[in-house]
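This structure is a prediction, so every number in the text was calculated from the model and none was measured. Below, chain A is the first sequence line, B the second, and so on; all start at residue 1.
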There are 2 protein chains.
Amino acid sequence: MVFSELFAPSRTIMTPGPVEVDPRVLRAMSTPILGQFDPAFTNIMNQVMEMLRQVFQTKNRWAFPIDGTSRSGNEAILCSIIEPGDRVFVPIYGRFGHLLVEICERYGAEVHSMECPWGEVFDPQMVIDEMNKVKPKIVAIVHGETSTGRMQPLKEIGKACREGDILLVVDAVASIGGVQIKTDEWYIDGMIGGTQKCLSVPSGMAPITYNERIENILSARKKVERGIATEEDLQFSRSRQAIASNYFDLSMLQDYWGPRRLNHHTEATSMIYALHEGLRLILAEGLEQRFERHKLHEKALIAGLEAMGLSLFGDPKHKLPCVTCVEIPKDVDGESVRNMLLEQFSIEIASSFGPLHGKIWRIGTMGYSCRKENILSVLGALEAVLIRHGVNVHRGAALQAALDVYNVERLADFSFKKLS
Amino acid sequence: MVFSELFAPSRTIMTPGPVEVDPRVLRAMSTPILGQFDPAFTNIMNQVMEMLRQVFQTKNRWAFPIDGTSRSGNEAILCSIIEPGDRVFVPIYGRFGHLLVEICERYGAEVHSMECPWGEVFDPQMVIDEMNKVKPKIVAIVHGETSTGRMQPLKEIGKACREGDILLVVDAVASIGGVQIKTDEWYIDGMIGGTQKCLSVPSGMAPITYNERIENILSARKKVERGIATEEDLQFSRSRQAIASNYFDLSMLQDYWGPRRLNHHTEATSMIYALHEGLRLILAEGLEQRFERHKLHEKALIAGLEAMGLSLFGDPKHKLPCVTCVEIPKDVDGESVRNMLLEQFSIEIASSFGPLHGKIWRIGTMGYSCRKENILSVLGALEAVLIRHGVNVHRGAALQAALDVYNVERLADFSFKKLS
């Protein structure tokens, strides 16, 4: 069997990840390899840490990527702080809340959860009241739930956690870099971001950050690996149980990312290059401007979908700006529409999971994919495909509505510039 | 703070990893993103599986990468088959044997180990005798130990494991793609490879393969994730304890890499591109030819080092061809030599760990770094740096000795071609 050269057709990717990547980030990945302890490389690692702090809006000492896909970040923080029998409280409002439960259970936590209907979020007070009953060591919650396109307000929950000396761990995989999220101001102790969504870096790394409250737990569970431990390391007495995973042991990862540079794994060189370039572009664009850009294109997309006659799914007050959920019209085969979009137009949109599978499509507007031409392409193509599927849409209206949004925004932007 | 554009100086990397990467692999990484369930992408994933089978020399159904650095592959296989209290036997002959112990202990195994002096390997019969006493469920052992540059013969151990119904798990991170290793013929049940060494693909993935004996354990521990499980999945009753890690749960990874394509993580797109291109280049070169290439450059390197007057470390009968360990001459500061090589010549060689730190240098000849010009560069530079450090070397001899090896081999190669 002879294997063909790698070939990837050009796609317009409008899913909630993985999304398109800026050509400058792709180019950065083809930079030649450096040794992991080469000062030129550790300098790049340090810059990545500093840029991550800025993107996470934190003064935390620790902000670095886990070498794995997004959920590896969840597992790294949770398994590093959970000891068997610890009580964890998980409010669930979609698939990724269930994932947090899964991970906590596997590491021996006693998990208490509550669930609201998919498409809604929790009134923060309801979470706080339940939390005060459960009295957990940890609250783990999703910030932006891609499966339902909702976003949970966190600041009040964070404040209540801090007052009750509870650790708050937040899965911000889908929201970081596209939506406002303030680690320190919202009292978040541990936060996990994703690369392949609003950061627009290929999948394969999970940037995390955590504060001293979590670092104190790590210090008490610290282990230096057999085979590289010094006499002093071997004499260190842990006051708490060692962390169950070697790969995800944050006490060891700290020693690798910190000044001791103690070998753990071999850092994923090319992915670090990509993350470095991706973060640099985000900071060059500016966080606030980036959030505004995500809102603008969301607005145009929604205007187009509604003008076409489609209905959005979920509570609009708590919509995640970078994921728009659309109800699949009655008697339409959602997968057939998705397939035709891919095969005829080379455009990808997403379905959803569990109870929402076959009921909604999800259109992502994340990072580099979140551009005017992509919004216009997906609206035009979707109209054509729906007509082919016998759906009675308002022909031609979607693109006009989206163009109107861009036109008004452009004028507004222009007047603003003239005024300032 | 303004962040500079990514800059990586050009290096000649002669360490046991991460090593230089073929420009064609680097270029593959800048291919635009595809969605993880795009048929164009799942086709690439399937090709990667098939190419991995060929490189692992196995007919196993399962051969795919874990999305993490090399040790994530060790942890994935071990945590997926170890249940608390299981007995695991680990013969240790260097740092990475200790790592296997670490991982097994963390997942609750009762670990029995034996250790031989670093620089040696075990007589297989000694391992078999001890194994028959310990009666473990699993034997976990390193094939190529980068920390000491040794290679453990495995076939007899594999045969004895199979006869005793013991699972054999082999860490071939440093040897795969550079040295002969036959998964099926040597009765290896689970094997882990590394990308950033002889495969010459950037760090960040750990290709693994395992057979039906391991798959049977996974089936008994199978879990489908909350939030995506069907009614049927929920009714499945596990006959054994679920796997402790979510990220490393091979029963779930199988469902993602297999025809069900059940979402687990988002596959690391660009790393898969790199792995695809890297494997394709390996198969195009030919496994046997590639092993011969590694032996040729090892021979030239050794000839040069010995002609210079340096001594090699470790038992020569069991030397790992792709790592050459050199004794640091008396009264020489090994780190000062390494620093001068990097700063003046932009060449990187490695130190070692634990008891060998400060005693030996390790020179890697792996994958794309294993080229004539690199061998000649490192020999020439090392001679100059040692002279600067006051070492009495045989001036000029190293490069002549290496050139002689290449000359003879070229003539031999020429006569062979004429004869055939």
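Interface residue A:His276: only side-chain heavy atoms are found under 4.5 Å from chain B. Interface residue A:Ile44: only side-chain heavy atoms are found under 4.5 Å from chain B. Using a 4.5 Å cut-off between heavy atoms, A:Ser72 touches chain B through backbone and side chain atoms alike. Both the backbone and the side chain of A:Asn263 come within less than 4.5 Å of a heavy atom of chain B. Looking at A:Leu283, only its side chain comes within 4.5 Å of chain B, counting heavy atoms on both sides. Contacts of A:Glu267 with chain B are made by backbone atoms alone, with heavy-atom separations under 4.5 Å and no side-chain atom involved. Interface remark: A:Ile92 contributes side-chain atoms only to the contact with chain B (heavy atom separation under 4.5 Å).
A donor-acceptor pair under 3.5 Å links the side-chain atoms of B:Arg71 to the main chain of A:His264, judged by distance alone. Put simply, the side chain of A:Arg106 never gets that close to the backbone of B:Ala244: no donor and acceptor are under 3.5 Å apart. Using modelled atom types, one side-chain atom of B:Ser203 and one backbone atom of A:Thr266 make a donor-acceptor pair closer than 3.5 Å.
The minimum heavy-atom distance between A:Asn246 and B:Glu102, with the atom names listed, is ND2-OE1, 3.5 Å. The nearest pair of heavy atoms linking A:Ile33 to B:Ile13 is O-CD1, 3.4 Å.
The shortest side-chain heavy-atom distance between A:His98 and B:Glu225 does not fall under the 4.5 Å cut-off. Taking 4.5 Å as the limit, every side-chain heavy atom of A:Met271 sits out of range of all side-chain heavy atoms of B:Pro202. The shortest side-chain heavy-atom distance between A:Gln54 and B:Phe3 falls under the 4.5 Å cut-off.
Taking the six-membered ring wherever Trp is involved, the centroid distance between the rings of A:Tyr247 and B:Phe248 falls below 6.0 Å.
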